[in-house]
Trainee: 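Input: one structure, supplied below.
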Amino acid sequence: MTIRKSWLRKLTVLVLAISLMVVSHPIAFSKSNYRIIDSSLAATGASDNEAVNSEKAELLGLYDKLALEAKGLTHMAFESAIKGFIHLKEAGKMRNQNILTIADFTLSSAKKRLFIIDMDNQKVLFNTYVAHGQKTGAEFAKDFSNRPESLQSSPGFYITSSTYNGKNGYSMHLMGQEAGINDKAYDRAIVMHGAPYVSESFIRARGYLGRSWGCPAVSQELTMPIIETIKNGTCLFIFSGDVAYLNKSKILNS
């Protein structure tokens with residue numbers, strides 16, 4: 001009996017000690033605390049997502065604000081460009097996040113299908129002509145390739161790079177950002193440059209622009225101001241409605 005009473009006293013003391021520890025340090029023992037931490041992290045994640053969605057919504061609103069439909073830019077091209085722009089921005093790929101260039105190759109080359117947008121000041125800086133590759137199509141861009149010597153354009157997202165003076169005059173390197181789609185652009189010497197066949201007089205004579213060897217060529221008159229505006233780290237997007245590209249692009253399907 002004495003042993004049993006002694007054991008009960010020790011058990012009582014142990015229970016009291018544990019109770020005091022729980023009261024003194026509730027954080028260490030409360031399961032609800034983990035739920036609080038989890039909900040806090042969830043709230044942070046939700047906040048980040050809300051910020052991204054808010055930015056996306058604001059940028060998508062530029063389509064109407066800048067009357068881009070009236071200027072000819074398709075909504076699908078713009079929406080795709082915004083998705084890639086945000087993706088490259090979050091990936092830290094752009095040195096200059098103020099400019100977005102879109103070449104909508106679903107349009108006839110006789111249309112002003114190049115759009116250069118100042119994202120900060122929310123205005124269209126240039127809306128003009130741009131050529132596609134000789135073997136990409138005549139009036140419309142239909143066939144695309146990442147293969148050297150193909151004389152075809154490559155769709156997708158690029159980051160503009162440095163400038164140089166070459167056989168086509170003042171030109172700008174382009175760095176393709178999509179593996180298997182346009183990542184050979186630099187090796188293929190796919191650059192932005194001016195060309196005499198990018199002009200309204202050429203359109204009047206032939207019905208559409210002349211074609212490059214795969215480069216997004218612009219008019220000689222606008223070569224300098226365009227390149228000076230978008231060089232060194234901005235996003236350039238060549239949009240194609242080609243199903244193969246739309247399905248393959250990891251950026252658009254991310």
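Side chains are part of it too, since the values below use all heavy atoms of this structure and drop only hydrogens, waters and symmetry mates.
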Trainee: Distance from Ile181 atom CD1 to Tyr245 atom OH, nearest 0.5 Å?
Mentor: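 Answer rounded to 0.5 Å: 5.5 Å.
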
Trainee: Using every non-hydrogen atom in the two residues, find where Cys215 and Ala189 come nearest and quote the distance to one decimal.
Mentor: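 The answer is SG-O, 3.6 Å.
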
Trainee: Treating Asn96 as the side-chain partner and Ile230 as the backbone partner, does any N or O pair qualify as donor plus acceptor under 3.5 Å?
Mentor: no

Trainee: Are His132 and Arg113 close enough that some pair of their side-chain heavy atoms sits under 4.5 Å apart?
Mentor: yes

Trainee: Looking only at atom types and distance, does a side-chain atom of Gln152 sit under 3.5 Å from a main-chain N or O of Lys135, one as donor and one as acceptor?
Mentor: yes

Trainee: Taking the side chain from Lys248 and the backbone from Glu178, do they hold a donor-acceptor pair closer than 3.5 Å?
Mentor: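 No; zero donor-acceptor contacts below 3.5 Å.
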
Trainee: Would you indicate whether the side-chain heavy atoms of Thr160 and Leu174 approach each other to under 4.5 Å?
Mentor: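 Heavy-atom side-chain distance check passes, below 4.5 Å.
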
Trainee: Is the closest side-chain heavy-atom distance between Met94 and Phe85 below 4.5 Å?
Mentor: yes

Trainee: Ile226, Met172: one ILVMFWY side-chain cluster at the under-4.5 Å cut-off?
Mentor: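 They do share one cluster, since a chain of ILVMFWY contacts under 4.5 Å joins Ile226 to Met172.
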
Trainee: Decide if atom CD of Glu69 counts as having more than 12 heavy atoms of other residues, nucleotides or ligands within a radius under 6.0 Å.
Mentor: no

Trainee: Is it true that the side chains of Glu79 and Tyr63 contain a donor and an acceptor less than 3.5 Å apart?
Mentor: no

Trainee: With side-chain hydrogen bond (donor to acceptor under 3.5 Å, both in side chains) as the test, pick out the partner of Tyr129 among Glu200, Lys112, Lys111.
Mentor: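 The passing option is Glu200.
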
Trainee: For residues Ser154 and Ile238, determine if any side-chain heavy atom of one lies less than 4.5 Å from a side-chain heavy atom of the other.
Mentor: no

Trainee: Tell me if the NZ atom of Lys231 is crowded by more than 12 foreign heavy atoms within 6.0 Å.
Mentor: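 Yes, NZ of Lys231 has more than 12 neighbouring heavy atoms, counting only those of other groups under 6.0 Å.
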
Trainee: Please tell me if the side chains of Asn98 and Met119 come closer than 4.5 Å, counting only heavy atoms from C-beta onward.
Mentor: no

Trainee: So does Leu125 get a backbone contact from the side chain of Asp118, meaning a donor-acceptor N/O pair under 3.5 Å?
Mentor: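 Judged by distance alone, no pair lies under 3.5 Å.
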
Trainee: Taking all heavy atoms of Val191 and all of Pro216, pick out the closest pair and write down the distance.
Mentor: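 Shortest heavy-atom separation between Val191 and Pro216 comes out as O-CD, 3.3 Å.
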
Trainee: Using 0.5 Å steps for rounding, measure from the CZ atom of Phe126 to the CG atom of Leu114.
Mentor: 9.5 Å

Trainee: Could you tell me whether a side-chain N or O of Asp183 sits under 3.5 Å from a main-chain N or O of Gly180, the two making a donor and an acceptor?
Mentor: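 Yes, the answer is positive, given that a donor and an acceptor are paired below the 3.5 Å cut-off.
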
Trainee: Please report the interatomic distance OH(Tyr158) to CZ(Phe237), rounded to the nearest 0.5 Å.
Mentor: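 Answer for the OH-CZ pair, Tyr158 versus Phe237, is 10.5 Å.
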
Trainee: If the plane angle is over 60° it's perpendicular, under 30° parallel, otherwise tilted; pick one for Phe105 and Phe144.
Mentor: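 Phe105 vs Phe144 ring planes: parallel.
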
Trainee: Is any side-chain heavy atom of Thr136 less than 4.5 Å from a side-chain heavy atom of Arg211?
Mentor: no

Trainee: Looking at every non-hydrogen atom in both residues, tell me the closest pair between Lys184 and Pro148 and how far apart they are.
Mentor: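 Lys184 and Pro148 have their closest heavy atoms at CD-CD, 4.3 Å.
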
Trainee: Taking all atoms of both residues into account, what is the closest heavy-atom pair of Ala77 and Leu73, and its distance?
Mentor: CB-CD1, 3.9 Å

Trainee: Going by heavy atoms in the side chains, are Leu68 and Ile117 under 4.5 Å from each other?
Mentor: yes

Trainee: Taking Ala179's backbone N and O only, do any of them form a donor-acceptor pair with Lys250's side chain (distance below 3.5 Å, no angle check)?
Mentor: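 No: the side chain of Lys250 does not pair with the backbone of Ala179.
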
Trainee: For Ser171 and Gly169, indicate whether the former's side chain and the latter's backbone hold a donor-acceptor pair under 3.5 Å.
Mentor: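 Yes, Ser171 side chain to Gly169 backbone: donor-acceptor pair under 3.5 Å.
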
Trainee: Under 3.5 Å, is there a donor-acceptor pair between the side chain of Asn182 and the main chain of Gln177?
Mentor: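 Yes, because the side chain of Asn182 sits within donor-acceptor range (under 3.5 Å) of the backbone of Gln177.
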
Trainee: Between Lys83 and Leu252, is there a donor-acceptor pair closer than 3.5 Å when you use the side chain of the first and the backbone of the second?
Mentor: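 The answer is yes, because a donor-acceptor pair under 3.5 Å joins these two groups.
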
Trainee: For a quick check under 3.5 Å, do Arg188 and Ser150 share a side-chain donor-acceptor pair by atom type?
Mentor: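 Checked: Arg188/Ser150 side chains pair up, N/O donor to acceptor below 3.5 Å.
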
Trainee: Say whether Ile82 and Leu66 are linked into one hydrophobic cluster, either directly or through other cluster members, by side-chain heavy-atom distances under 4.5 angstrom.
Mentor: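 Linked, Ile82 and Leu66 end up in one cluster.
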
Trainee: So, taking the atom named NE2 in His173 and the one named CD1 in Ile159, what distance separates them when rounded to the nearest 0.5 Å?
Mentor: 15.5 Å

Trainee: I'd like to know if the side chain of Ser249 and the backbone of Leu246 have a donor-acceptor N/O pair within less than 3.5 Å.
Mentor: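 Absent.
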
Trainee: Taking Ile190 as the starting point, is it possible to reach Tyr186 by hopping between hydrophobic residues whose side chains are less than 4.5 Å apart?
Mentor: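 The answer is no; the residues belong to distinct hydrophobic clusters.
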
Trainee: Nearest heavy-atom pair of Gly133 and Ser153: which atoms, and what distance?
Mentor: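 For Gly133 and Ser153, the tightest heavy-atom pair comes out as N-OG, 2.8 Å.
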
Trainee: Quick check: closest heavy atoms across Tyr208 and Ser109, and the distance to 0.1 Å?
Mentor: CB-OG, 3.3 Å

Trainee: When rounded to the nearest 0.5 angstrom, what distance separates CD1 in Ile86 from CD in Glu55?
Mentor: 5.0 Å

Trainee: Is the closest side-chain heavy-atom distance between Val198 and Leu222 below 4.5 Å?
Mentor: no

Trainee: Would a hydrophobic clustering, with Ile, Leu, Val, Met, Phe, Trp and Tyr connected at side-chain separations under 4.5 Å, put Ile227 with Ile99?
Mentor: yes

Trainee: Nearest 0.5 Å, what's the CD1-OG1 distance between Ile102 and Thr74?
Mentor: 8.5 Å

Trainee: Among the clusters formed by ILVMFWY side chains lying less than 4.5 Å apart, do Met76 and Phe157 turn up in the same one?
Mentor: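 Cluster IDs for Met76 and Phe157 match.
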
